[in-house]
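Have a look at the structure below, then the notes.
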Amino acid sequence: MRVAWCATAVATALLDPDVANEVAARIPTLARDSAERKARRGTLRVRNTACDGVSTGSGFALDPHTLVTNRHVLAGASLLEVSTWDGRTIRVDSASVSRLGDLGIATVDTELPQVLPLGGVVAAGSSLTVFGFPLGGELRLLPGTLVDEVSGAPFDIPGRVMRLTAAVQPGNSGGPVLDANGKVVGVVFAIELKTRLALAIPVATLRHLVTTRDLAPLPPCGSE
Amino acid sequence: MHSLWRRIAVVVLVLALLAGAGVLALAVKANHDRAEDWRQRAIATQANRLAGKLRATRSALQRSEGDVSSLTQRQRELANEKARVEDERRQLQAQQAALVSVASGFIDCSDGLFAVLDAVLDENWNWVSIYGRDRISSCADANSSLDSYRARFG
């Protein structure tokens, strides 16, 4: 939103008043469209070919050659591939998973189309959007609200776990949860059966994993 | 007397020069006003032309935005279809590999059965007692791998 504010100020200062007003009126929409466009391009579809068949999940680019998803999306793979928004299929070169919690990191030689910026802590009640590929279908944007953050212990997740109202399904696993500015604030990993709320790992846990690199090799097929 | 006439002539000449200068100044001003008027008209015409171009460019830009948006949407749909086709291809490859493994098990089973049959026909009971059970058990393994294949791929 800071970009939108600056752009509005520049437009007001430089342009004819009528034109400036028209441009200023469009800037918030353009900024929102731009964030959504980047998120659409930055959300990746992950295909896991394992000994017992093919499964799909979601993920996003942490940097041009690294993507983040769930541990259970990567587990048991004999072949991992990533489909990008523009129809490219990129083979994953190496993958590893967090020792604790349901996060996985994969690296690719080919440059990923769009990196998604990481955000910070969000307050309960904030509007969020889950990007992903439910049931291996097309990219869907699922709006939701952060209900609360609870202990991750019952879900075998270190730290806290976010609970959202977004209607996620299998295939959304590993997809990013974005705030209103298009920044990643969480990673979807499950649905709470009792409440049907979506569960996501907060970005702080992801940051911790990226910093400590406390990673293990992929679990073999059939082990999870 | 002569001097008076000279003075009158000088005054008349000065008055004439002043009158001439005044007329000239008026003519210059009128000319300047007309030039300014034409300049204003030229600016207005130019502004109208630019406004027309701007309108045309804006509508062309809106059309282009619409075209880009629908092309992007189409590209996403095609990318999604491609991803799904690749899913199916990988699924079939995994299924084929599993089926090859099942078939290989049944080939071992068949070979084993023929070997046992040959031994029985040759009345080679010693061979049958040593290897028979092992050869026949490969059929149980093959059945088990077929069950596993059915469970995984339906």
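All values reported here derive from a predicted model rather than from experimental measurement.
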Measure across [X] and [Y] and return the closest heavy-atom pair with its distance rounded to 0.1 Å.
X	Y	result
A/Lys183	A/Leu118	CD-O, 4.0 Å
A/Asn172	A/Gly132	ND2-CA, 3.6 Å
A/Gly174	A/Thr69	CA-OG1, 3.5 Å

| query | If you check every heavy atom in residues 76-88 of chain A against those of chain B, which residues fall under 4.5 Å? | reply | A/Leu79, A/Glu81, A/Ser83, A/Thr84, A/Trp85, A/Asp86, A/Gly87, A/Arg88
Given heavy-atom pairs under 4.5 angstrom as the criterion, report whether the side chain, backbone, both or neither of [X] touches chain A.
X	result
B/Gln95	neither
B/Ala94	side chain
B/Ala98	neither

Exceeds 12 heavy-atom contacts within 6.0 angstrom, atom [atom1] of [X]:
X	atom1	answer
B/Phe153	CZ	yes
A/Arg37	CZ	no
B/Tyr149	OH	yes

| remark: Given B/Glu81, B/Gln93, B/Arg58, the one with more heavy-atom pairs under 4.5 angstrom with chain A than any other is B/Arg58
| About how many Å separate CZ of A/Phe60 and CG of A/Leu116, when rounded to the nearest 0.5 Å? | 7.0 Å
| request: With salt bridge (Lys or Arg N to Asp or Glu O under 4.0 Å) as the test, would you mind laying out the steps for B/Arg84 and B/Glu88 before giving the verdict? | output: CA-CA 6 Å; B/Arg84 286 184 164 230; B/Glu88 284 171 20; over 6 Å; no
| field | B/Ser148 side chain vs B/Ser144 backbone, donor-acceptor pair below 3.5 Å | value | no
| Validation row: B/Leu78, B/Arg76 side chains within 4.5 angstrom (heavy atoms) | no
| task | Indicate yes or no: at least one non-hydrogen side-chain atom of A/Ile191 is less than 4.5 angstrom from one of A/Val168. | result | yes
| said: Checking B/Ser138 against B/Asp141: is there a side-chain donor and acceptor pair closer than 3.5 Å? | reply: no
| chain B contact via A/Thr49 - which portion, at a heavy-atom distance below 4.5 Å | side chain
| remark: For residues 62-75 of chain B against chain A, heavy atoms under 4.5 Å, the residues are B/Glu65, B/Thr72, B/Gln75
